[in-house]
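Right, one structure below, let's go through it.
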Amino acid sequence: MSFPLLTATAVLPAIGAIATAAVPAARRTAAKWLALLVSLATLALAIVVLVRFDPDGDRYQLTESHAWIKDFGVRYELGVDGIGVALLALTALLIPFIILAGWHDADPLETGNKRWRPTQGFFALILAVEAMVIISFEATDVFLFYIFFEAMLIPMYFLIGGFGDRAHEHGEEAASTQRSYAAVKFLLYNLVGGLIMLAAVIGLYVVAGNFSLQEIAEARANGSLHMATSTERWLFLGFFFAFAVKAPLWPLHTWLPNAMGEATAPVAVLITAVVDKVGTFAMLRYCLQLFPEASKWATPAILVLALISIVYGALLAVGQRDIKRLVAYASISHFGFIILGIFAMTSQGQSGATLYMVNHGISTAALMLVAGFLISRRGSRLIADYGGVQKVAPVLAGTFLIGGLATLSLPGLAPFVSEFLVLVGTFARYPAIGIIATFGIVLAALYVLVLYQRTMTGPVKPEVSSMPDLRARELVVVTPLIILLIFLGVYPKPVTDIVNPAVKSTLSDVHKKDPQPEVEAAK
C-alpha cells in the first residue's frame, strides 16, 4: 500500500495541534517552536505533493479511498486536482509565516485582575485550522468535505474572540466586547450557510445515492444520473449560499470586516488568505462540477453580485479610518474578482481566478502582516494616528508600500497577472461587466495610495518618532512573501501550468468553450 501522502498533510498539523496544546503552561516558548516546526514539516509534505503531482496526468491524483460509514454511503476519499494542490501549497506556505508573525500575540496579558491568555492554545488553534483547511482541499467525498468545512469554524471562533487585537481606541473592556461580537457574528453567518448546505447535501444523497464527487460527476456526464431542473437549481443554491458566505460575496460579507478588524493581524490573514479560499475553491469543485446546468442558469445573477462586491468593497475601503478594516473591504473587492472569473465560464477567467486565490493570499499576507507590525508599535489601528513613518522606519514603510502596490495589482507584481486574466476572460463573454469591473482597479489605486500617504509620508508625529524599524523575525516573515510577489509577477508559469488542465476539465463539466474572437474578413 502506497504512503497516504494527502492524509499525512492533514494529520500532521492535527497531531501538532494536540501536542502544542499539551505543552505545560510554563513552557510557552517550547509550544511556539513546536507549532513552527510542525508547520514547516507540513510545508515539506506539501512540497512533496507538488513534486509528485503531474499536471498532465489524471484529473485527481494521489487518491485515497476507504469505507467509513457504509450504511450512508460515506467514504473517506481524498484526491487533488491542479486547483486543489495549488491552494494546499498556499495554505502550507502561509501558516509558518502566520505563526512567526504572531509569535508574541498570545503572550500572557496582565490586567488589573491578573487575567492570562493561554499561549499554547493560540498556536494549537492555528494548526487545527490548517489541518481542516487542507483536508477540505483534498476531500472528494461531499459529506467528508462538509464536516471539515463546518468544523473549521470552531477554532476560528476562539481565535477571533479569545485572542483578538489589543489595539482599541476605547480600551480593553470595549475591545473585549467588540471581539466577542465579531466572533459570534462570524460563527452565526457561517453556521447558517452551513445548515443550508447540509440540507442540500442530504438532498444530493437522496438524488444520487452516494456522496462521491467523482461518481456523481461521472454519472451526470454520461447521463446515467438525471436531476430535474428545479431539483438541480435548489441543490445548487444550497451549496452556493454556504460558499458565498465563506468567500464572502456581497451581501453576505458583513461578518468579514468585523472579524478581520478585531482579530490579530496573523489571524486576520488566516481568515482571508486561507479559510475564505475554501469558499471560492468549492464553487469551482462542487457547484460547477455537480450542478453544471444550474451553474449556467445562475451565472447572470452571480456576475452582478460579484460586480457589486468589486465596486462596493473598493468604495468602502476608500472611506475607512481603520487600517485593518480597509484591508478587509479591499479583500471583499478582490473576492468579487475571483468569483467574476469563476463564473465568466472562460479558461482565462477561471485560470485567473485560481491564480488570484494564490496571489491574493500572498499579497494580503504581506500587507496585513506589515500592518500588524505597525499597529503593534503604535498601539492604534486608526490611520489618523500615523504620519511620517517612512522617515523613522524606512524598511517597514518600504515593505508596506510593496504589499500595497501588490494589492492594487501593479504590473510586475503577482496579483496583476491574475486580475488581468480575469478581466480578459470576462471581456470575452461579458464585455459590459468587464468594463464596469475595471473601476475596481482605479478605486484600489486610490485607497492604497491614500493609505500610504496618510500613514507613511508627511511630518513625523510625536507618537511615531521613536518607532523601531522591522526586526529580524519580522524581516524573516515579510521578505519571502515579497520575493514571491515579484517572482510570480514576472513568471507565473509554475502556477498556471498546474491549474490550467484542471480549469479545462471544469469548463468541460459545464459544457462551455471559450468564445471565438470576431475577426473581420480581409477585403
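Here the structure is a predicted model, which means the values were calculated and not measured.
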Residues that Glu419 engages under side-chain hydrogen bond (donor to acceptor under 3.5 Å, both in side chains), provided they are two or more places apart: Tyr356, Ser409

Met467 and Val389: CA distance, side-chain angles, deciding distance, side chain to side chain contact (heavy atoms under 4.5 Å, CB included) verdict: CA-CA 8 Å; Met467 181 178 289; Val389 174; 4.0 Å; yes

Under the 3.5 angstrom rule, does the side chain of [X] hit a backbone N or O of [Y] as a donor-acceptor pair?
| X | Y | answer |
| --- | --- | --- |
| Gln320 | Leu316 | yes |
| Trp255 | Val245 | yes |
| Arg378 | Tyr386 | no |
| His334 | Thr364 | no |
| Ser418 | Pro415 | yes |
| Arg28 | Val23 | no |
| Arg381 | Lys324 | no |
| Thr272 | Val269 | no |
| Asp322 | Gly261 | no |
| Ser309 | Trp250 | yes |

CA sep, side-chain torsions, deciding dist, call: Met156, Leu187, side chain to side chain contact (heavy atoms under 4.5 Å, CB included): CA-CA 9 Å; Met156 286 306 309; Leu187 188 63; over 6 Å; no

Do [X] and [Y] make a side-chain contact, defined as non-hydrogen atoms from C-beta onward lying under 4.5 Å apart?
| X | Y | value |
| --- | --- | --- |
| Leu36 | Trp33 | yes |
| Asp105 | Phe123 | no |
| Thr264 | Phe122 | yes |
| Leu413 | Ser363 | no |
| Val192 | Ile196 | yes |
| Met357 | Leu284 | yes |
| Leu374 | Met456 | yes |
| Ile338 | Val422 | no |

Pairs flagged by salt bridge (Lys or Arg N to Asp or Glu O under 4.0 Å) wherever residues 450-464 is involved - sequence neighbours left out: none

Among side-chain atoms of [X] and [Y], is any donor-acceptor pair under 3.5 angstrom?
| X | Y | result |
| --- | --- | --- |
| Tyr312 | Ser333 | no |
| Thr9 | Glu138 | yes |
| Tyr452 | Gln390 | yes |

Residue Tyr181 excluded, over 12 heavy atoms near OH under 6.0 Å: no

Working to the nearest 0.5 Å, report the span between [atom1] of [X] and [atom2] of [Y].
| X | Y | atom1 | atom2 | result |
| --- | --- | --- | --- | --- |
| Ile482 | Ile362 | CD1 | CD1 | 12.0 Å |
| Leu153 | Asn190 | CG | CG | 5.0 Å |
| Leu470 | Thr399 | CG | OG1 | 4.5 Å |
| Leu382 | Ile375 | CG | CD1 | 9.5 Å |
| Leu340 | Ile310 | CG | CD1 | 5.0 Å |
| Leu401 | Thr457 | CG | OG1 | 10.5 Å |

Geometric class of the Tyr146/Phe143 ring pair [parallel <30°, tilted 30-60°, perpendicular >60°]: tilted

Phe186 ring center within less than 6.0 Å of Tyr157 ring center: no

Pair Phe145 + Tyr286: ring centers closer than 6.0 Å: yes

Would you list the atom pairs, donor with acceptor, under 3.5 Å between side chains in residues 79-98 and any protein atom, with sequence neighbours excluded?
from: Asp81; atom 1: OD1; to: Ile83; atom 2: N; distance (Å): 3.4
from: Asp81; atom 1: OD1; to: Gly84; atom 2: N; distance (Å): 2.8
from: Asp81; atom 1: OD1; to: Arg285; atom 2: NH2; distance (Å): 3.4
from: Thr91; atom 1: OG1; to: Leu87; atom 2: O; distance (Å): 2.9

Cation over ring face, Lys246 and Phe149, 6.0 Å, 45°: yes

Salt-bridge criterion met for Glu474 and Arg377 (N-O under 4.0 Å): yes

Check salt bridge (Lys or Arg N to Asp or Glu O under 4.0 Å) between [X] and all other residues, then give those that pass, not counting sequence neighbours.
| X | answer |
| --- | --- |
| Arg473 | none |
| Lys277 | none |
| Asp141 | none |

Minimum heavy-atom distance between Asp385 and Ser380, given as atom pair plus value: OD2-OG, 2.5 Å

ring-ring contact (aromatic ring centres under 6.0 Å, His included) assessment of His253 paired with Phe335: CA-CA 10 Å; His253 67 285; Phe335 276 104; over 10 Å; no

Worked check of side chain to side chain contact (heavy atoms under 4.5 Å, CB included) between Val499 and Leu355: CA-CA 8 Å; Val499 303; Leu355 189 60; 5.7 Å; no

Test log, rule ring-ring contact (aromatic ring centres under 6.0 Å, His included), inputs Phe158 and Phe163: CA-CA 7 Å; Phe158 288 110; Phe163 299 92; 8.9 Å; no

Chi angles and distances behind the side chain to side chain contact (heavy atoms under 4.5 Å, CB included) call for Arg321, Leu326: CA-CA 8 Å; Arg321 300 186 304 122; Leu326 185 152; over 6 Å; no

